[in-house]
Amino acid sequence: MEKLPDPNRRQSLMNAVDNDPRCPDDSRMTDLTRQEIDAKLVAGEAKVDARLANFDTSIKTGFADLRAEFADLRAEFVELRGEMARHRAEVRAEMEKMRAEMHKGMTDIVKWVIAVNLASVGALFTVSKMTEKPPSPALVQPAPIIITIPMPQLAAPPAAPAPPN
């Protein structure tokens, strides 16, 4: 159930708003004329217009400052971009030099490895021939001795002896 406001209390509050004897400014408000209201509105508009103009000026100067800073940044960026291009070219040249040196080094290493391997094979072959033991004399048969005697030439063959009777 809703409670309805007391109409007597409402009336007493309305009378008490501007009739407090303790307040010195309890006089009634005077009625304003149209000219006074227009003057106050014009003054308010002038204040707002002044503030907007001030705000507009600060925004424009702020943007001008930003444009100047961005122009400086763009100039620095262009300069840095040029430096980066130069450094990139220098780095590429250095990399090409290093690549050539590495290729030469690898070629030298391959040559040395092949030379060392060939020398090792030759040394092993020589050492194996030097350390080969001759066969023992007991196992080796002496070579046969061949003596050739010249034979005199005979005129006729000797006659056969007579058979014994």
Side-chain angles (χ1 to χ4, degrees), residues 1-7 9-140 143:
M1 191 175 245
E2 285 188 31
K3 195 172 188 184
L4 294 175
D6 183 15
R9 176 160 170 78
R10 186 170 179 223
Q11 187 62 32
S12 66
L13 285 177
M14 284 173 57
N15 291 337
V17 170
D18 202 17
N19 295 329
D20 191 1
R22 294 174 286 166
C23 292
D25 63 345
D26 62 350
S27 62
R28 294 187 148 240
M29 271 180 71
T30 59
D31 289 334
L32 292 174
T33 64
R34 179 172 283 236
Q35 289 83 15
E36 291 174 331
I37 291 175
D38 286 342
K40 287 196 182 253
L41 285 174
V42 168
E45 285 179 8
K47 283 182 185 178
V48 169
D49 287 343
R51 285 185 181 169
L52 283 176
N54 187 18
F55 179 73
D56 189 35
T57 304
S58 67
I59 291 294
K60 285 180 182 178
T61 57
F63 279 131
D65 292 344
L66 283 176
R67 282 188 192 107
E69 287 182 32
F70 278 131
D72 292 343
L73 287 175
R74 280 190 199 107
E76 281 185 46
F77 181 70
V78 167
E79 182 180 328
L80 288 174
R81 196 177 225 178
E83 280 185 40
M84 286 175 55
R86 279 189 308 250
H87 288 300
R88 183 174 45 222
E90 290 172 4
V91 167
R92 283 189 178 167
E94 287 294 321
M95 286 177 63
E96 286 300 321
K97 286 180 187 176
M98 287 177 58
R99 187 175 290 142
E101 289 173 4
M102 286 175 54
H103 182 69
K104 182 184 177 297
M106 290 297 290
T107 305
D108 290 345
I109 289 173
V110 168
K111 287 178 185 176
W112 276 102
V113 166
I114 291 172
V116 167
N117 283 333
L118 287 176
S120 298
V121 168
L124 286 174
F125 182 73
T126 303
V127 168
S128 70
K129 286 294 182 182
M130 287 174 51
T131 59
E132 236 180 50
K133 292 182 182 177
S136 65
L139 297 176
V140 177

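Annotation: salt bridge (Lys or Arg N to Asp or Glu O under 4.0 Å) contacts involving residues 114-128, sequence neighbours excluded, are absent. Applying the salt bridge (Lys or Arg N to Asp or Glu O under 4.0 Å) rule to pairs touching residues 106-117 yields K104-D108, sequence neighbours excluded. Note on residues 58-75: pairs passing salt bridge (Lys or Arg N to Asp or Glu O under 4.0 Å), not counting sequence neighbours, are D56-K60.
Looking only at side-chain heavy atoms (C-beta outward), L52 and V48 come within less than 4.5 Å of each other.
A search for side-chain hydrogen bond (donor to acceptor under 3.5 Å, both in side chains) contacts involving E101 returns nothing, not counting sequence neighbours. With sequence neighbours excluded, the residues that form a side-chain contact (heavy atoms from CB on, under 4.5 Å) with I114 are V110, L118. Residues satisfying the salt bridge (Lys or Arg N to Asp or Glu O under 4.0 Å) test with R92, not counting sequence neighbours, are none. Partners of R86 by side-chain hydrogen bond (donor to acceptor under 3.5 Å, both in side chains), not counting sequence neighbours: none found. Applying the side-chain contact (heavy atoms from CB on, under 4.5 Å) criterion to T33, with sequence neighbours excluded, gives Q35, E36. Residues passing the side-chain contact (heavy atoms from CB on, under 4.5 Å) test with H87 are E83, E90, sequence neighbours excluded. Not counting sequence neighbours, E79 has no partner by the salt bridge (Lys or Arg N to Asp or Glu O under 4.0 Å) test. Remark: K129 engages F125, E132 in a side-chain contact (heavy atoms from CB on, under 4.5 Å) (not counting sequence neighbours).
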Next item on the list: Given side chain to side chain contact (heavy atoms under 4.5 Å, CB included), test S128 with L124 step by step and report yes or no.
Entry: CA-CA 6 Å; S128 70; L124 286 174; over 6 Å; no
Note to self: For V113 and I109: C-alpha separation, side-chain torsions, deciding distance, then whether side chain to side chain contact (heavy atoms under 4.5 Å, CB included) applies.
What the structure shows: CA-CA 6 Å; V113 166; I109 289 173; 4.2 Å; yes
Using residues 39-46 as the side-chain source, report each donor-acceptor pair under 3.5 Å to any protein atom, sequence neighbours left out, with the distance given to one decimal.
none

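Taken to the nearest 0.5 Å, the CZ atom of F70 stands 10.0 Å off from the CZ atom of F63.
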